[in-house]
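Bear in mind that the values here come from a model prediction, so they are computed numbers and not experimental data.
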Amino acid sequence: MHIYPSVIENIANHADAMPEKLALADNKQSLTYSELWTRIYGLSQVFRSMGVKDENCAVVECNQSVDYMICGLAIQLAGGVFVPLEKNVAKTRAIEIITDTEATLYVSKKPLDAELPEGISPAFFCIDECAMHPWEGDIPELTFPKSEDVCEILFSTGTTGKSKGIVLTHGNDIAIAENVMYGVKMKENNVEMIPMPTSHSHGLRRTYSNLVNGSSVVFVDGVTLLKKVFNMIEEYHVTSMDLSPSMLSIIFKLSKDRLGDYADQMDYIQLGSAPLPEEDKVHLSRILPKTRLYNFYGSTEAGCSCLLDFNSMAGKKGCIGKPAVNAHFIVVDENRNEIESSPDNLGFLASSGAINMKEYFKAPELTEATMANGFVYTKDLGYIDEEGLVYMLGRKDDVINYGGIKISPEELEAVIVKNPIIKDCAVIPVKDALTGQAPKLLIALENPDGSDYDPKEFKSFLQESLDANKQPKYIEIIDEIPRTFNGKIKRNQLMDREKN
C-alpha cells in the first residue's frame, strides 16, 4: 500500500479508491470515506475564509466525536495548525493556549466568555455546525501539505508548571501511524473502537493510523457507560480496541469477563499511556485467547516508539518490547554518552526516528534540553538485552533510593493493588533520617468506611508479597489517588502534599 506524506492526503485517496467504506462513526453518525472527504474539504474552505492558513493556529475543544475530528483535519487541509483542547477544558487553560498560539480560530460548542489580551481575537466556529458545510460537486485538484509542514501542537497536561506544546509535522504523524499499523499488523478491514480522548496523543494517533490504513474508527466517550460500548461493538462489528490500563480495569470491574464474549471477533487490543499490571495481561490473555495483545511505550514527543506483544513476551519483567519500525533506541549515561546497558548497568532510554517531534512550542531551551543529535532523551531508566528487547524500570525522578536499594514504585503498586480491599494505591519517596529516602504507601480502600481494613493483616500481606528490603516504611489511607486522564498517577501532587 502506498502511503502519502500526510493523513489528509491518504484520506483523499481512500475516498477515491473505496468511497463507500466506513471511515468514522460515533453514537450519532457514521461517515464513509467519500462523505468524510467532502465534509473535510467543505469545512476547510470555511476555515480558510476565517483566516486559517499559512500555519496559523486553530484551537478546537474536543467532544470525542466525528465532527471534532473533521474540524482538526479541515484545519490541516486549509494549511493551518490544529491545536486540540481537552473536553470541558477550564476557561483559564483555554485562554492560556489561545493566547500563546495567537489562534486565528476557536472551535467549541459556545464562544469563550472571557476577555482576551489585546491583539488576540480568534474567530469563533460552533462545532455543532460542522455538518452544515459539505462540499457539493467536484473537488478541484489540490496541493496537499508537505511532510515537513507543521500540522498540530499538542499541549501537555502536566500537574506542575506551564503546559508544554509539542510541535508535530505531517511527517511525524505518518511515521507514528506506520509504527502503529505495522506494529499491530493492522488489517485493511480493521474497525477500531477508540474511547481514549482524541484531544491527546494516544487516541489521536490511533485514529490517524486507521485513516492512513484505510480502516474504520468508532469513537466512544470513555468506557463507564459500558452498555453503550458493547452495543457499538456489536453494531459496527468492532475488531480492535485502543485502551488505557485504567479503562481496562474499569471494564473488568463493571463487567467481569464480558469482553470475552467477543473472543472470535476481536483481532487485537492495544494499550498504552501507562504500564499494564501483570495480572491484567494474564486475565486478558485468558478471556481473549485468539486476540493479539499489545502495549505501546512512547511519549507525545516520540510517540509509539516501542511495542510489546505480550502474548509472546509474557513474564519478562519491565520489558516494553522491541523498537517500532520508525524508531531506534539507545541507552545513555547522565552525560548522554551511549553505554552498554544491562540489568546491572542501567541508563536512560533515548530514541531517534521520524516520529520525533519538531520542537517544543516557543521553548528553544527546553527543546535543547530534551533533543540532540536526532534523539529525544528521557528520564526513563532501563536497558537493552542481547535480543534487542528494551526494558524500562521506572523514571529517575520516581525511583526511591532506600538506603542504597533502588525501588521502582510501579513494581510495588502492581503487587499491592491485587489485594481485594485496595481500590487504588501509590508509592512515593519521603525523607528519612536513617536511609535518606523511604517508600511511603498511600492507599484508597474499596470500602471507604475502612471496615475491611485491618492494619496487622495488611502488613502480613505486604510481608508475604514484597521483598523484605522493599517494604513500605509508612502507610496512609487517603480518599482517592489522583490520576491524569489516561491513568497515570500524579506523583508530584502526592509528593507536594508531604511538604505541606
Side-chain angles (χ1 to χ4, degrees), residues 4 6-16 19-85 87 94 98 101 103-112 122-145 149-154 168 170 173 194 198-199 203-204 207-208 210-212 216-219:
Y4 295 88
S6 65
V7 175
I8 197 69
E9 189 170 357
N10 283 280
I11 293 171
N13 280 275
H14 295 325
D16 183 57
E20 299 307 312
K21 186 171 184 180
L22 175 67
L24 298 178
D26 58 26
N27 65 338
K28 293 181 179 178
Q29 62 180 318
S30 61
L31 297 179
T32 64
Y33 271 96
S34 176
E35 292 167 334
L36 175 61
W37 177 230
T38 57
R39 290 269 299 274
I40 291 170
Y41 180 75
L43 198 56
S44 75
Q45 300 309 295
V46 174
F47 287 166
R48 280 188 68 85
S49 71
M50 300 174 79
V52 179
K53 55 186 175 181
D54 302 328
E55 294 192 355
N56 291 332
C57 291
V59 175
V60 186
E61 183 180 350
C62 179
N63 63 359
Q64 199 68 3
S65 71
V66 168
D67 287 345
Y68 162 79
M69 191 54 56
I70 289 171
C71 287
L73 293 165
I75 289 162
Q76 294 177 4
L77 182 60
V81 177
F82 172 37
V83 184
L85 287 181
K87 185 178 180 182
I98 289 170
T101 60
T104 58
L105 178 70
Y106 175 58
V107 181
S108 185
K109 277 190 170 293
K110 56 184 179 180
L112 191 63
F124 173 74
F125 181 83
C126 179
I127 197 168
D128 292 337
E129 297 177 9
C130 176
M132 299 178 185
H133 304 278
W135 187 259
E136 295 181 2
D138 294 335
I139 294 176
E141 189 171 334
L142 299 173
T143 300
F144 287 98
D149 292 342
V150 174
C151 65
E152 62 201 14
I153 303 173
L154 303 181
L168 299 160
H170 290 280
D173 280 345
I194 298 182
T198 44
S199 52
L204 195 59
T207 301
Y208 288 163
N210 280 276
L211 291 175
V212 170
S216 310
V217 174
V218 177
F219 295 123

Exercise. Please list, chain by chain and in numerical order, all residues satisfying side-chain hydrogen bond (donor to acceptor under 3.5 Å, both in side chains) with Asn13, sequence neighbours excluded.
Key: Tyr4

Quiz prompt | From CH2 (Trp37) to CD1 (Ile11), nearest 0.5 Å | solution = 8.0 Å

Self-check item: Partner residues of Ala25 under the side chain to side chain contact (heavy atoms under 4.5 Å, CB included) criterion, sequence neighbours left out
Solution: Leu22, Ser30, Val218, Tyr236

Self-check item: Listed partners of Phe219 passing ring-ring contact (aromatic ring centres under 6.0 Å, His included), at least two apart
Solution: none

Practice problem: With sequence neighbours left out, write down each residue that passes ring-ring contact (aromatic ring centres under 6.0 Å, His included) with Tyr106, or none if nothing qualifies. | Solution: none

Self-check item: Residues that Thr32 engages under side-chain hydrogen bond (donor to acceptor under 3.5 Å, both in side chains), provided they are two or more places apart
Solution: Glu35

Quiz item: Can you list the residues that meet the side-chain hydrogen bond (donor to acceptor under 3.5 Å, both in side chains) rule with Tyr33, with sequence neighbours excluded?
Solution: none

Quiz item: Is the shortest heavy-atom distance from the side chain of Leu73 to the side chain of Tyr208 under 4.5 Å?
Solution: yes

Quiz prompt | Atom pair CE (Met69) and CG (Leu31), whose distance is rounded to the nearest 0.5 Å | solution = 12.5 Å

Quiz item: What's the shortest heavy-atom distance between Ala94 and Leu112, and which atoms?
Solution: CB-CD1, 4.2 Å

Quiz item: Does anything in residues 52-62 pair up under salt bridge (Lys or Arg N to Asp or Glu O under 4.0 Å), and if so which pairs, sequence neighbours excluded?
Solution: none

Quiz item: Do the non-hydrogen side-chain atoms of Cys71 and Phe47 ever get within less than 4.5 Å of each other?
Solution: yes

Exercise. Apply side-chain contact (heavy atoms from CB on, under 4.5 Å) to the pair Asp173 and Val212, showing each step before the final yes or no.
Key: CA-CA 10 Å; Asp173 280 345; Val212 170; over 6 Å; no

Practice problem: Measure the spacing between OG of Ser65 and CD1 of Ile127 and express it to the nearest 0.5 Å. | Solution: 5.0 Å

Exercise. Going by the side chain to side chain contact (heavy atoms under 4.5 Å, CB included) test, name the single residue among Leu85, Leu43, Val60 that passes it with Val107.
Key: Val60

Practice problem: Taking the side chain as every heavy atom from C-beta outward, state whether Leu211 and Leu24 have any pair of such atoms under 4.5 Å apart. | Solution: yes

Quiz item: Minimum heavy-atom separation for Cys62 to Ser199, with atom names?
Solution: CB-CB, 3.6 Å

Self-check item: Heavy-atom check, side chain of Thr101 versus side chain of Val81, under 4.5 Å
Solution: no

Exercise. Would you mind listing every side-chain hydrogen bond (donor to acceptor under 3.5 Å, both in side chains) that reaches into residues 127-145, with sequence neighbours excluded?
Key: Lys109-Asp128

Self-check item: Heavy-atom pair with the smallest gap, counting every atom of Val46 and Ser49
Solution: O-OG, 2.5 Å

Quiz prompt | Asp67: partners by salt bridge (charged side-chain N to carboxylate O under 4.0 Å, His left out), with sequence neighbours left out | solution = Arg39

Quiz item: Does the side chain of Pro122 reach to within under 4.5 Å of the side chain of Val59, using non-hydrogen atoms?
Solution: no

Exercise. Indicate the atoms forming the closest heavy-atom contact of Phe144 with Ala12, along with that distance.
Key: CZ-CB, 3.7 Å

Exercise. State which residues pass salt bridge (charged side-chain N to carboxylate O under 4.0 Å, His left out) with Lys87; sequence neighbours excluded, sorted by chain then number.
Key: Asp221

Self-check item: Heavy-atom pair of closest approach, residues Arg48 and Ala78
Solution: NH1-O, 2.8 Å

Exercise. For the residue pair Phe82 and Leu204, establish whether any side-chain heavy-atom pair is separated by less than 4.5 Å.
Key: yes

Quiz item: Taking only residues two or more places apart in sequence, or in another chain, which ones meet His170 in a ring-ring contact (aromatic ring centres under 6.0 Å, His included)?
Solution: none

Quiz item: From Ile75 CD1 over to Cys151 SG, what is the distance, rounded to the nearest 0.5 angstrom?
Solution: 11.5 Å

Self-check item: Residues in side-chain hydrogen bond (donor to acceptor under 3.5 Å, both in side chains) contact with Thr198, at least two apart in sequence or another chain
Solution: Gln64

Quiz item: In Å, rounded to the nearest 0.5 Å, how long is the span from CG of Leu77 to OH of Tyr41?
Solution: 7.5 Å

Practice problem: Show your reasoning for whether side-chain contact (heavy atoms from CB on, under 4.5 Å) applies to Phe124 and Ser108. | Solution: CA-CA 8 Å; Phe124 173 74; Ser108 185; 4.3 Å; yes

